[in-house]
Amino acid sequence: MTHLPDEAKNLLDRHRAVTPSWLALYYREPLELTHGEGRHAYGSDGRRYLDFFGGILTTMTAHALPEVTRAVADQAGRILHTSTLYLSTPMVDLAEQIAELSGIPDAKVFFTTSGTEANDAALLLATTYRRSNQVLAMRNSYHGRSFSTIGITGNSSWSPTSLSPLQTLYVHGSVRTRGPFAHLDDAAFIQACTADLEDMLGQVGGPVAALIAEPIQGVGGFTHGPDGLFAAFKPVLDRHGIPWISDEVQTGWGRTGDHFWGWQAHADAGPPDALTFAKGLGNGLSIGGVVARAELMDCLGANSISTFGGSPVTTAGALANLRHLLEHDLQGNARRVGAVLRERIEAGARHLPVVREVRGRGLMLGVELVDRTGEPSAAAAALALEHARDLGLLIGKGGPLGNVLRIAPPLSLTRDEAEQGAELLVQALDRAQKELFSAEEAL
């Protein structure tokens, strides 16, 4: 187990003195990451770590990617900031690229500084367009930490208040292995969830602004329904005139391997009316945004700007990052190397009762942990997180009960690194199981 040196302990004390008590830190002995290279990050403790979390799925291509570093430095040397009140070549170049990639016809793009703000903007568009504050969201969902996005988050662990400007109606479908429809096969599961949606809409008074949904739930523990779920929802939504917003903050840019966007697993529905993005686009730069069909995007009747959204520096860096991803087929790499990573984790976890399920797609994998009785175990996840760090591997955790490990390396991960990381993860799980089960036996 690591122990904080005096300098790090001093930083932790200073951190706690000036930041909110609810600002979470990983690890019993919190870690400062000082620099990175490729798929590795380095700590102030002098250790090198294989990074399988990427700053919460944000270091999408690689740490210290030269193309991004050069683009940011070149742009910063010219002008750092202008705001959206002025024309910006980097912003327009990036918007054109994203509009084309989105699959949404007649698309327009609005840039923000985060995924939370992107979802907030999408809600503003939908509620204005539909003249309604009623929103459909998925159970177990997470869409951000602003007042409006907390109001549509179906995960009590991340909902500190029940107050909201929105009336949210929660829909079944994004958790396949738990809940009242878990026993059904995929076709029957989709049919049951669609019937539930239809029944709910038959009881709602007035119009509904939108359905917002993550194709794979991030904070919820990398859960998702069967392919085609939202394709089945779409005719129901269309009959009621309800737009579909796909929250691609974590699933976008090819991370799932099979598709560039998560919504494409439900492609029979055609593209969503809007999609939101953030995280990986900037490879660590603070950027997010909304892509929507023009009729929806242009519905606001009042002035609006963004002081920092579309910043010349962040859009220049994001464009360099996106071009690198496309030119090097990192989506294909996520599919190929992600399959190796999942296979190795599943093989190593077969003898570990603490592992209930390995799930996900591409380089977006979840490992759900349980105790000796098969009940969800946040303690197991916390132990695995600590042991992984001790072994030199950074991972995340989530799920509504805090019992899911989140595995999301940069998309340039090599096969050797995938195999090494899987081996370290299985070792961490083995250690966590022994520690947890021994403690449970002692009770």
Exercise. Given the rule in the side chain to side chain contact (heavy atoms under 4.5 Å, CB included) test, do Gln331 and Leu325 qualify, once you have shown the distances and angles that lead to the verdict?
Worked result: CA-CA 8 Å; Gln331 176 188 337; Leu325 176 138; 5.6 Å; no
Problem set entry | Lys NZ or Arg CZ of Arg47 over Tyr42 ring: under 6.0 Å, within 45° |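 Verdict for Tyr42: no cation-pi partner in Arg47.
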Exercise. Within 45° of the six-membered ring axis of Phe53 and under 6.0 Å from that ring's centre, is NZ or CZ of Arg406 located there?
Worked result: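 Not flagged: Arg406 not positioned over aromatic ring of Phe53.
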Indicate yes or no for a side-chain donor-acceptor contact from [X] to the backbone of [Y] under 3.5 Å, with no hydrogens or angles considered.
X      : Y      : answer
Tyr170 : Thr153 : yes
His266 : Phe230 : yes
Thr113 : Ile287 : no
Ser246 : Pro272 : no
Glu96  : Glu100 : no
Thr58  : Ile56  : yes
Asp247 : Pro215 : no
Arg255 : Met60  : no

For this session: Look up atom CG in Asp268 and atom CG in Asp227, then write down how far apart they are to the nearest 0.5 Å.
Result: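 So the CG of Asp268 and the CG of Asp227 are separated by 10.0 Å.
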Problem set entry | Ion pair check, Arg293 and Asp273, cut-off under 4.0 Å |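 Asp273 and Arg293: salt-bridged.
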Exercise. With the threshold set at 4.0 Å, does a side-chain nitrogen-carboxylate oxygen contact exist between Arg335 and Asp258?
Worked result: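 A salt bridge is absent here (no side-chain N lies under 4.0 Å from a carboxylate O).
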Do [X] and [Y] have side chains that get closer than 4.5 Å, going by heavy atoms?
X      : Y      : result
Phe308 : Ser286 : no
His143 : Ser141 : yes
Gln134 : Val204 : yes
Asp185 : Phe189 : no
Val290 : Met297 : yes
Leu94  : Leu322 : yes
Val291 : Leu101 : no
Thr223 : Arg359 : yes

Exercise. Under 6.0 Å between the ring centres of Trp261 and Phe277?
Worked result: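 No.
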Problem set entry | Ring centre gap for Tyr49 and His40 strictly below 6.0 Å |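 Not under 6.0 Å, so no.
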Exercise. How far apart are the C-alpha atoms of Ser412 and Arg39, what are their side-chain angles, what is the distance that settles it, and do they pass the side chain to side chain donor-acceptor pair (under 3.5 Å) test?
Worked result: CA-CA 8 Å; Ser412 57; Arg39 277 70 55 194; 3.2 Å; yes
Please determine, by modelled atom types, if [X] and [Y] share a side-chain donor-acceptor pair under 3.5 angstrom.
X      : Y      : value
Arg139 : Ser174 : no
Thr251 : Glu248 : yes
Asp93  : Gln97  : no
Thr61  : Asn283 : yes
Asn140 : Gln217 : yes
Thr276 : Asn119 : yes
Glu37  : His63  : no
Ser156 : Ser159 : no
Glu295 : Tyr129 : yes

For this session: Taking all non-hydrogen atoms of both residues into account, name the closest pair between Ala278 and Ser114 and its distance.
Result: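 Closest approach of Ala278 to Ser114, heavy atoms only: CB-C, 3.9 Å.
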For this session: Under the salt bridge (Lys or Arg N to Asp or Glu O under 4.0 Å) rule, what do Arg389 and Asp45 come out as? Steps first, then yes or no, please.
Result: CA-CA 12 Å; Arg389 178 200 171 169; Asp45 56 3; 3.6 Å; yes
Exercise. So Gln420 and Asp416, side chain to side chain donor-acceptor pair (under 3.5 Å) or not? Walk me through it.
Worked result: CA-CA 6 Å; Gln420 177 195 2; Asp416 286 347; over 6 Å; no
For this session: Give the C-alpha distance, both sets of side-chain angles, the deciding distance and a yes or no for salt bridge (Lys or Arg N to Asp or Glu O under 4.0 Å) between Lys234 and Asp238.
Result: CA-CA 6 Å; Lys234 190 66 163 58; Asp238 288 346; 2.9 Å; yes
Exercise. Glu419 pairs by side chain to side chain contact (heavy atoms under 4.5 Å, CB included) with which of Glu423, Glu417, Arg415?
Worked result: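 Exactly one candidate clears the test, Arg415.
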